[in-house]
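Just below is one structure, and these are the notes that go with it.
Just so you know, ligand 1 is whichever comes first in the structure, and atom 1 is the first atom listed for that ligand.
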Amino acid sequence: MVLPAGLTQYVVTGPRNIAKVFRAEGMHATLSHVIAMERSFGISPRGLALYAADDSGFGAQPQPQSKVDPENRVLYQIHNLVNQNLAGSSLSVITEKFQEFLATELSSIEAIGPDWTDVPDLGEFLQVHVMSAALKAMFGTYILSLNPTFIDDFWAWNPEMGTLFMGLPKWLAPSIYEKRERVLQNIMRWHDYAHAHFDCHKVADEDPAWEPYFGSKFSRKRQALFSRWEAMDKRSRAAEDMSFIWASNANSVGGSIWFLLELLLDPALQDRMMNEFRSAMVHPKSSTSVPTFNVDRLTSGALCQSVYAETLRLRVAIMIGRKAKYDMDFSGWFVKENETVAISNTIEAMDTSIWNTGTEGDPHPLETFWADRFLIYPGDKTSGPVKRQLASENSSKETETIEIERNDPAPSPAPQFSVKGVGNSWVPFSGGPRHCPGRHFAKQEMILVAAMVMSAFEIELKVEPGWRPKNDTKYFGFGTMPPSGIIPCRIRRRTQIGV
Ligand code: HEM
């Protein structure tokens, strides 16, 4: 495996071994987070020293051998803050604002009216509008109004994130470092302005849930937390926010592009999906404005969830690193204390001994997208994510314990979404104490984007018959791989929303 100098790792495979890695007690997170902060996000030397000194782990209690002052548990404290605020009522505010901004953004694209308009690249169209709405929801409107090129600058730097991580020196690629610098300078400009106009410590119940300077209360809490450490100078605060903006946008926007593409490539799937979208639609203010949705209803739709899960199964390729705290046994393979291991979500996602690959008459190889892979149809033993033989083993175990009451209602004919039996094989968000804290928002964002765009617009891809997009493997190992190349299409506004 190609790694930055000094890092060697073993790749751990199989659900039982994956579960062992995710269990907190035997594993540290690796240095890769600190390496990324230095190389990809350009943290200052002082900030880097603060991060590198944090050997306390991600548990609520610091590691017993940890030497860092509990006050300086920077990695744990930032992780914890994100985890607490990207769930529950704090997340609801952000999601609400995301919908509001995306609806306004899509409603006001003047170039697209009732007649077809050529759009050179669907990917770029979504990168601009989805990122704009997500940034404003999370961080307020000034981050963009002060930096009109922010979104272009971000997407110009994004493909180089991995190259920087691998340690490419500045003298060999000064232009890549300039791209990184532009994003950092944009964030610093926004931080200066926001701090000059609003007190980031205003995070009490009576303080606004959202304002235009910092955006969400969560964003203010981040700034207030950073201000506790002297070493978190201007550049380090900007680098930390840049890492967050990357973690959220590079992954979710790529996922949103794929979700929408799968619908556009399959008209029958599109019809089925529109039914789920319509049942969760909150009617728009006017016949041409973009509708918003009841997010809980929308994201609990069985087909929506299956398409979302299948999209991430196929399009996310991440290497999740951990370091052994003591000698460990993985099904007869031994890893010594302090050696590093990695999990590849792609290896697990392609394991034919675990996953359902369809039937002889209706095959669905794991390399291909199957919208129904995560759906269990009542009475159909060939359905569901788990390979048939394993599924019947699981269900015979269940029938031993579940007694059916005589008056039980007949089973619903509707399919149910399920990840039962593939929990440690579907791991695009990692797991254990470092489970991606943005996973709830990522799911909402991807499904909302498809629902809002498809309800407001008709889109026709301008591609050769039989064209299938491919993953851009430049991003392999770093998260969601967007489709490679451009996706020309034409778009027009629906005259009747959602129909
Ligand atoms: C499809 C979308 C996404 C995927 C596949 C994804 C995946 C991941 C993975 C695999 C990790 C590393 C966990 C580890 O080291 O074990 C991670 C970390 C992280 N993700 Fe996500 N993510 C996504 C969306 C988001 C979103 C939308 C946000 C924020 C709104 C977010 C915020 C973060 C943060 C802050 C971390 C670092 C956590 C820490 O160091 O404690 N992610 N993500």
Side-chain angles (χ1 to χ4, degrees), residues 9 12 18 21-24 27-37 40-41 51 54 56-59 73-87 90-91 93-95 97-98 130-131 133-135 137-139 215-216 218-219 222 225 239-259 308-323 340-346 348-349 426-449 475-482:
Q9 38 193 215
V12 172
I18 303 277
V21 173
F22 285 156
R23 272 199 296 272
M27 290 281 159
H28 293 294
T30 61
L31 276 177
S32 57
H33 187 100
V34 176
I35 294 175
M37 286 308 299
S40 302
F41 305 114
Y51 277 60
D54 182 2
S56 66
F58 280 80
R73 297 190 64 199
V74 59
L75 298 177
Y76 167 71
Q77 293 198 32
I78 293 177
H79 173 87
N80 212 23
L81 184 82
V82 181
N83 232 356
Q84 284 169 0
N85 285 274
L86 289 184
S90 166
L91 178 61
V93 173
I94 294 167
T95 311
K97 292 303 280 185
F98 173 72
V130 176
M131 186 175 185
L135 275 181
M138 202 74 76
F139 293 124
S216 61
F218 160 59
S219 161
R222 272 173 75 78
L225 178 64
E240 175 57 45
D241 271 354
M242 183 169 169
S243 75
F244 183 91
I245 290 169
W246 170 76
S248 58
N249 289 279
N251 285 313
S252 304
V253 174
S256 300
I257 299 172
W258 276 113
F259 193 117
Y308 150 81
E310 178 70 346
T311 300
L312 295 191
R313 186 189 69 78
L314 266 180
R315 310 306 176 192
V316 173
I318 196 148
M319 298 302 294
I320 302 156
R322 297 288 185 270
K323 188 160 78 168
T340 53
V341 298
I343 293 169
S344 156
N345 73 299
T346 307
E348 304 315 310
W426 187 79
V427 287
F429 292 114
S430 174
R434 287 205 67 199
H435 207 179
C436 168
R439 63 195 183 281
H440 310 296
F441 185 58
K443 177 178 178 185
Q444 294 176 341
E445 203 180 352
M446 280 172 59
I447 299 177
L448 271 169
V449 168
Y475 297 82
F476 191 93
F478 291 97
T480 309
M481 295 175 288

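Of the protein's non-hydrogen atoms, the one nearest atom 35 (C) of ligand 1 is Phe244 CD1, 3.8 Å. For atom 6 (C) of ligand 1, the closest non-hydrogen atom of the protein is Phe429 CD2, 3.6 Å. The protein non-hydrogen atom at the shortest distance from atom 27 (C) of ligand 1 is Ser252 OG, 3.3 Å. Distance from atom 19 (C) of ligand 1 to its nearest protein heavy atom, with residue and atom name: Pro437 CD, 3.7 Å.
At a threshold of 4.5 Å between non-hydrogen side-chain atoms, the residues Ile245 and Leu135 count as touching. In this structure, the side chains of Leu91 and Phe98 stay at 4.5 Å or more apart for every pair of heavy atoms. Using a 4.5 Å cut-off on side-chain heavy atoms (C-beta onward), Phe429 and Asn251 make no contact. Residues Val34 and Asp54 are not in side-chain contact: their nearest non-hydrogen atoms beyond the backbone lie 4.5 Å or more apart. Counting heavy atoms from C-beta on, the side chains of Phe441 and Ile94 come closer than 4.5 Å. Here the side chains of Glu240 and Met37 are in contact, with some heavy-atom distance below 4.5 Å. Residues Leu314 and Trp258 are not in side-chain contact: their nearest non-hydrogen atoms beyond the backbone lie 4.5 Å or more apart. Taking the side chain as every heavy atom from C-beta outward, Phe244 and Arg222 approach each other to under 4.5 Å.
Near Leu86, with a cut-off below 4.0 Å to any heavy atom, the atoms of ligand 1 are 29 (C), 30 (C). Every atom of ligand 1 is numbered from 1 in the order shown, and the set under 4.0 Å from a heavy atom of Leu312 is 1 (C). When each atom of ligand 1 is checked for a heavy atom of Ile320 under 4.0 Å away, the hits are 16 (O). Which parts of ligand 1 touch His33 is read off a 4.0 Å heavy-atom cut-off, strictly below it: atoms 40 (O).
With a 4.0 Å heavy-atom cut-off, ligand 1 is reached by no atom of Arg439. By the criterion of a heavy-atom distance under 4.0 Å, neither the backbone nor the side chain of Asn345 is placed next to ligand 1.
Considering backbone and side-chain N/O atoms, His435 never comes within less than 3.5 Å of an N/O atom of ligand 1. For a threshold of 3.5 Å applied to N or O pairs, the pair formed by Arg322 and ligand 1 contains at least one separation below that value. Residue Ser248 has no nitrogen or oxygen atom sitting less than 3.5 Å from a nitrogen or oxygen atom of ligand 1, judged on distance alone. Residue-to-ligand polar distances place Ser430 within reach of ligand 1: an N/O pair is separated by less than 3.5 Å.
The shell of residues lying under 4.0 angstrom from ligand 1, judged by heavy atoms, excludes Gly479. Taking 4.0 Å as the cut-off, Gly255 does not count as a neighbour of ligand 1 on heavy-atom distance. Between Met138 and ligand 1 there is a heavy-atom distance shorter than 4.0 Å.
In terms of modelled atom types and a separation under 3.5 Å, the side chain of Ser216 and the main chain of Met138 share a donor-acceptor contact. Although no hydrogens or angles enter the test, the distance criterion places no donor-acceptor pair under 3.5 Å between the side chain of Arg315 and the main chain of Gly255. Between the side chain of Asn80 and the backbone N or O of Tyr76, no donor-acceptor pair lies under 3.5 Å. Under the 3.5 Å distance criterion, the side-chain polar atoms of His435 are left unmatched by any main-chain donor or acceptor of Phe22.
Atoms CD1 and OG, on Ile78 and Ser243 in that order, are 7.5 Å from each other to the nearest 0.5 Å.
Of the options Asn251, Val253, Ile94, the smallest heavy-atom separation from atom 23 (C) of ligand 1 is shown by Asn251. Around atom 40 (O) of ligand 1, the closest heavy atom drawn from Arg434, Glu445, His79 belongs to Arg434. Comparing heavy-atom distances from atom 20 (N) of ligand 1 across Cys436, Ser243, Gly438 singles out Cys436 as nearest. In this structure, of Ala247, Ser32, Pro428, Ala137, the residue bringing a heavy atom nearest to atom 10 (C) of ligand 1 is Pro428.
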